Amino acid sequence: MQKPIAPPPVLLVTAAAVQLLLGKKKKPSRSILRRVLGGSAALAGAGLFVAGGAQLLARSTTVDPLVPGESTELVTDGVYGYTRNPIYVGDLLLLLGLAIGQGKLISYLPVVAFAALIDRRQIPLEEAALAETFGDDFNDYAEQVPRWL
């Protein structure tokens, strides 16, 4: 199995920085609709990110995506009842909100790149560790709850 290219928070910050560079404008957007939609997506993303992390912390299990094998409990309720990866869905919504706010098609490229890297390189590592740690409980959970939405 492949290793992650970089820790997910580093990928998120890099994607956002690339978006800002690609979407650079001389004048800020005046579109109220774009600002409201982008802000709403980013706010929803931040909410999912915080809710997912808070649930893991409340259960005293690891939030570190680099050591999923250190998980002490399989969290399957709350936001984890809708998506197996609420933190990554939150990250994507944050990036999507930024892209919408910028109003440039090229600003969506880092969103797609981030999603692809997380989906193909990071999540499989985490899922393998969780399957090894929790066995059939994780496999049953994975069959019932989608990876993304």
Side-chain angles (χ1 to χ4, degrees), residues 1-23 33-149:
M1 184 165 291
Q2 295 181 359
K3 295 190 181 240
I5 291 173
V10 171
L11 292 176
L12 175 65
V13 170
T14 301
V18 169
Q19 275 185 309
L20 292 172
L21 290 172
L22 291 175
L33 180 60
R34 188 171 25 251
R35 292 165 96 186
V36 168
L37 289 175
S40 297
L43 188 60
L48 266 175
F49 181 93
V50 169
Q55 272 191 266
L56 296 177
L57 290 172
R59 302 284 180 80
S60 299
T61 193
T62 186
V63 295
D64 187 346
L66 299 181
V67 291
E70 293 182 7
S71 295
T72 58
E73 183 176 344
L74 181 63
V75 180
T76 61
D77 60 345
V79 292
Y80 288 91
Y82 299 98
T83 173
R84 295 193 312 260
N85 297 287
I87 294 172
Y88 295 142
V89 173
D91 291 346
L92 282 173
L93 285 171
L94 284 166
L95 292 171
L96 183 62
L98 184 56
I100 291 168
Q102 288 181 312
K104 286 188 162 185
L105 192 57
I106 199 163
S107 297
Y108 291 91
L109 287 178
V111 180
V112 173
F114 177 84
L117 287 172
I118 292 296
D119 189 64
R120 299 292 176 223
R121 297 291 289 269
Q122 182 65 37
I123 292 175
L125 295 171
E126 293 178 18
E127 289 181 341
L130 292 172
E132 186 175 318
T133 303
F134 299 108
D136 288 338
D137 288 340
F138 175 75
N139 293 329
D140 292 344
Y141 171 63
E143 285 180 19
Q144 295 172 17
V145 177
R147 178 180 271 186
W148 290 101
L149 291 176

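Bear in mind that the values here come from a model prediction, so they are computed numbers and not experimental data.
- For the residue pair R34 and G101, the shortest heavy atom distance occurs at CD-O, 3.5 Å.
- Side-chain contact between L92 and W148 is present, with at least one heavy-atom pair separated by less than 4.5 Å.
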Apply salt bridge (charged side-chain N to carboxylate O under 4.0 Å, His left out) to the pair R84 and E126, showing each step before the final yes or no.
-> CA-CA 11 Å; R84 295 193 312 260; E126 293 178 18; over 6 Å; no
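- Annotation for G23 and K104: closest pair CA-CD, 3.8 Å, computed over non-hydrogen atoms.
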Test side-chain contact (heavy atoms from CB on, under 4.5 Å) on I100 and Y108 and set out the steps.
-> CA-CA 8 Å; I100 291 168; Y108 291 91; 3.4 Å; yes
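- Pairing each heavy atom of S71 with each of L130, the nearest pair is OG-CD2, 3.7 Å.
- Inter-residue side-chain proximity for F134 and N139 is flagged as unmet; no heavy-atom pair is nearer than 4.5 Å.
- The distance from the OG atom of S40 to the CG atom of L93 is 11.0 Å, given to the nearest 0.5 Å.
- Distance OH/Y141 to CG/D77: 9.0 Å, rounded to 0.5 Å.
- Side-chain contact between F138 and E127 is present, with at least one heavy-atom pair separated by less than 4.5 Å.
- The backbone N or O of L22 lies less than 3.5 Å from no partner atom in the side chain of Q102, so there is not a single donor-acceptor pair.
- A donor-acceptor pair is defined here as one N or O able to donate and one able to accept, closer than 3.5 Å; no such pair exists between the side chain of Q19 and the backbone of P110.
- With rounding to the nearest 0.5 angstrom, the CG atom of L12 is 8.5 Å from the CD1 atom of I118.
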Anything under 3.5 Å between a donor and an acceptor, one on a side chain of residues 60-70, the other on a protein residue two or more places apart or in another chain? List them.
from : atom 1 : to  : atom 2 : distance (Å)
T61  : OG1    : T72 : N      : 2.8
T62  : OG1    : D64 : N      : 3.0
D64  : OD1    : L66 : N      : 2.9

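- When all heavy atoms of G90 and L48 are compared, the pair lying nearest together is CA-CB, 4.0 Å.
- The main-chain N or O of G52 is found under 3.5 Å from a side-chain atom of Y80 such that the two form a donor-acceptor pair.
- With hydrogens and angles ignored, the 3.5 Å screen pairs a side-chain donor or acceptor of R147 with a backbone N or O of D119.
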Steps toward side-chain contact (heavy atoms from CB on, under 4.5 Å) verdict (Y82, V89) = CA-CA 11 Å; Y82 299 98; V89 173; over 6 Å; no
Going through the distances and angles, do L56 and V75 end up as a side-chain contact (heavy atoms from CB on, under 4.5 Å)?
-> CA-CA 7 Å; L56 296 177; V75 180; 3.8 Å; yes
Run the numbers on L11 and T14 for side-chain contact (heavy atoms from CB on, under 4.5 Å), then give the verdict.
-> CA-CA 5 Å; L11 292 176; T14 301; 5.7 Å; no
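- Rounding to the nearest 0.5 Å gives a distance of 9.0 Å between CG of L98 and CG of L94.
- Rounding to the nearest 0.5 angstrom, the gap separating the CZ atom in R120 from the CD1 atom in I5 is 13.0 Å.
- Residue D91 holds its CG atom at 4.0 Å from CZ of F114, rounded to the nearest 0.5 Å.
- For the residue pair G81 and V145, the shortest heavy atom distance occurs at O-CG2, 3.8 Å.
- Judged as a side chain to side chain donor-acceptor pair (under 3.5 Å), and not counting sequence neighbours, the contacts of E73 are R59.
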